[in-house]
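The structure under discussion appears below in the form of C-alpha cells.
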Amino acid sequence: MSSSSTTPILKDELDIVIPTIRNLDFLEQWRQFFQPYHLIIVQDGDPSKVIKVPEGFDYELYNRNDINRILGPKASCISFKDSACRCFGFIVSKKKYIFTIDDDCFVAKDPSGKEIDALQQHIKNLLTPSTPFFFNTLYDPYREGADFVRGYPFSLREGVPTAISHGLWLNIPDYDAPTQLVKPLERNTRYVDAVMTIPKGTLFPMCGMNLAFNRELIGPALYFGLMGEGQPIGRYDDMWAGWCMKVISDHLGLGVKTGLPYIWHSKASNPFVNLKKEYKGIYWQEELIPFFQSVSLPKECTTPQKCYIELSKQVKAKLGLVDDYFNKLADAMVTWIEVWDELNPFDEKTLALPNGVSK
C-alpha cells in the first residue's frame, strides 16, 4: 500500500475535505501525497474573499453563499465562523471515504527522518478490521509483523469494519485553553509507532484536524454540531461528533482506530480566544460525558441515520435540561440527517453493516 504504486490507493473512492479562511499554500507541502485525489474545500467566513489554491489540484470550493444556495433554509445546521463548517464537505461528497485535514497541518517526519504519507496510513487503517470487543496487547494485530496474542479468542479474530481512523500530531498538542495557558511552550515530540482500536464502551476526545472515515458506514453520525458565530460555544465541534459517532459505532458493531498517522501541527491558536469559545464546553462536558456513557440505542436503530435521530431525541430530553442550546442542537441534528438523506438517497443494499453487539 505504498505511495510509490502506479495508481494511488482509493484514488477514485476518497475525497479530501479542507475547511479554510485563507489561501491554501500549505497544499504545496502535501502535493506529492494529495495531488492524485479530489479536494473539497469549504471556505468559512466572508464569501467575497477569494481563496487561492495552488495550480494542479483537482478541487471544488464552496463558500457560505453556495451552502445557502444548495441547502436553503436547512443551511442553518452548518456552523459559520468555525471549522465545523467542514461537515458540509461530508454531505456533498459522493465518495466512500473522506480524509479531513486543517490548513495549519503539514507533513511530519518519522524518527528516521522520512516524510510521513498520512493519507496512505489512514487508508491502511480504514481497510483493515478493528477489534473493539477484546483488546490485543500488541495493538493492531493486522499490521505487518504483528498478530493476535496468546489468549485472544479465535471467534473475535475476524474483527469488524473500521469506521474511523483518528490520526495524531507532532509539535503543537491539541490542548484546551487552560492547559495551553499553563503549558505555553509544551510541544509534542513523542512519536509512538502504534495503532490501536478504541474498546467498545470507551469514549475519547476526537480531534478533527487529521481524521479519516468510511462515509458509507458512519458519515451521517459525523455532524460537527452548531458552533461558532451565533452559538454559545466553539472548539467542541469535533468532540461532539466524536462522542456521537462512538456510541453509534459501538451500537452498530463498527471499529474506531487511533494512533498513526502523525501530521505536523504548525500553529498554536490564542489561548485567551480559545477560552472564550470553550468555557461553556469545559463546564458542560462534565454532564455531557455521563450522558454519552449512559446512552442506549434500541435494536431497531440499524443505520447511522436512525441512530442519530434517536440520539437527537435523547439529547433534547436529557441535555435540554442543562441548557436550551441543546434543544437547538437536537433540532439541528434532525435537520442534518434530513439534508444528508436529500443529497445522499439511501440504498439499503449498498450498506452491509455487521450485527451490532447488544449492550
- Task: Could you tell me whether the side chains of Ser165 and Lys124 share a donor-acceptor contact shorter than 3.5 Å?
- Result: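 There is no such pair between these side chains.
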If only atom types and distance count, is the side chain of [X] paired as donor or acceptor with the main-chain N or O of [Y] below 3.5 Å?
| X | Y | value |
| --- | --- | --- |
| Gln32 | Gln35 | no |
| Asn23 | Val53 | no |
| Asn344 | Asp341 | no |
| Lys114 | Lys109 | no |
| Asp250 | Gly201 | yes |
| Asn125 | Val195 | no |
| Asn214 | Ala163 | no |
| Gln180 | Ser269 | yes |

- Query: Which residues satisfy the ring-ring contact (aromatic ring centres under 6.0 Å, His included) test with Tyr142, sequence neighbours excluded?
  - Reply: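 Expected list: Phe148.
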Between [X] and [Y], what is the shortest heavy-atom contact and its length?
| X | Y | result |
| --- | --- | --- |
| Ile41 | Leu24 | CD1-CD1, 3.5 Å |
| Lys246 | Pro199 | NZ-O, 2.9 Å |
| Met245 | Ile218 | CG-CG1, 3.7 Å |
| Leu71 | Val339 | CD2-CG1, 3.5 Å |

- Message: So that I know where these two stand, are Tyr191 and Tyr262 an aromatic pair - ring centroids less than 6.0 Å apart?
- Response: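 Ring centres of Tyr262 and Tyr191 closer than 6.0 Å.
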- Task: In sequence, state the C-alpha distance, the side-chain angles, and the governing distance for Gln120 and Phe33, and then conclude on side chain to side chain contact (heavy atoms under 4.5 Å, CB included).
- Result: CA-CA 8 Å; Gln120 292 304 308; Phe33 303 128; over 6 Å; no
Ignoring hydrogens and angles, write down the donor-acceptor pairs under 3.5 Å from the side chains of residues 95-104, residues two or more places apart or on other chains.
| residue | atom | partner | partner atom | Å |
| --- | --- | --- | --- | --- |
| Lys95 | NZ | Asp15 | OD1 | 2.9 |
| Thr100 | OG1 | Val17 | O | 2.9 |
| Thr100 | OG1 | Arg86 | NH1 | 2.9 |
| Asp102 | OD1 | Arg86 | NH1 | 3.1 |
| Asp102 | OD1 | Arg86 | NH2 | 2.7 |
| Asp103 | OD1 | Arg22 | NH1 | 2.8 |
| Asp103 | OD2 | Thr20 | OG1 | 2.5 |
| Asp103 | OD2 | Arg22 | NH1 | 3.1 |
| Asp104 | OD2 | His265 | NE2 | 3.1 |

- Message: Quick check on the hydrophobic clustering: are Val322 and Ile289 connected, directly or via other members, by side-chain heavy-atom contacts under 4.5 Å?
- Response: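 Same cluster: Val322 reaches Ile289 through Ile, Leu, Val, Met, Phe, Trp or Tyr contacts under 4.5 Å.
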- Item | Worked check of salt bridge (Lys or Arg N to Asp or Glu O under 4.0 Å) between Glu287 and Lys318 | CA-CA 10 Å; Glu287 306 222 31; Lys318 295 179 183 173; over 6 Å; no
- Task: Begin from the C-alpha positions of Leu170 and Ile263 and carry the test side chain to side chain contact (heavy atoms under 4.5 Å, CB included) through to its verdict.
- Result: CA-CA 6 Å; Leu170 294 171; Ile263 47 85; over 6 Å; no
- Message: For a ring pair (Phe, Tyr, Trp, His ring centres under 6.0 Å) check, start with the C-alpha distance between Phe134 and Tyr152, then their side-chain angles and the critical distance, and finish with the verdict.
- Response: CA-CA 8 Å; Phe134 203 89; Tyr152 200 101; 4.9 Å; yes
- What residues, two or more places apart in sequence or in another chain, satisfy salt bridge (Lys or Arg N to Asp or Glu O under 4.0 Å) together with Asp193?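 If we apply the salt bridge (Lys or Arg N to Asp or Glu O under 4.0 Å) test to Asp193, skipping adjacent residues, the hits are Arg143.
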- Check step by step if side chain to side chain contact (heavy atoms under 4.5 Å, CB included) holds for Thr197 and Val256. CA-CA 6 Å; Thr197 296; Val256 178; 5.9 Å; no
Any [X] side-chain heavy atom under 4.5 Å of [Y] side chain:
| X | Y | result |
| --- | --- | --- |
| Asn210 | His122 | yes |
| Phe291 | Trp243 | no |
| Leu260 | Leu168 | no |

- Query: What's the verdict on salt bridge (Lys or Arg N to Asp or Glu O under 4.0 Å) for Asp324 and Lys328, showing C-alpha distance, side-chain angles and the deciding distance?
  - Reply: CA-CA 7 Å; Asp324 189 50; Lys328 275 175 63 183; over 6 Å; no
- Query: Checking salt bridge (Lys or Arg N to Asp or Glu O under 4.0 Å) for the pair Lys74/Glu338: CA distance, chi angles, key distance, verdict?
  - Reply: CA-CA 9 Å; Lys74 292 180 180 173; Glu338 290 170 356; 3.6 Å; yes
- Task: Indicate the ring-plane relationship of Trp336 and Tyr223, choosing parallel, tilted or perpendicular according to the 30° and 60° boundaries.
- Result: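 Rings of Trp336 and Tyr223: parallel, as their planes differ by under 30°.
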- Walk me through it: do Tyr308 and Glu310 pass the test side-chain hydrogen bond (donor to acceptor under 3.5 Å, both in side chains)? CA-CA 5 Å; Tyr308 208 68; Glu310 171 60 28; over 6 Å; no
- Go through the steps to decide whether Ile40 and Phe88 satisfy the test side chain to side chain contact (heavy atoms under 4.5 Å, CB included), and finish with yes or no. CA-CA 9 Å; Ile40 298 177; Phe88 178 75; over 6 Å; no
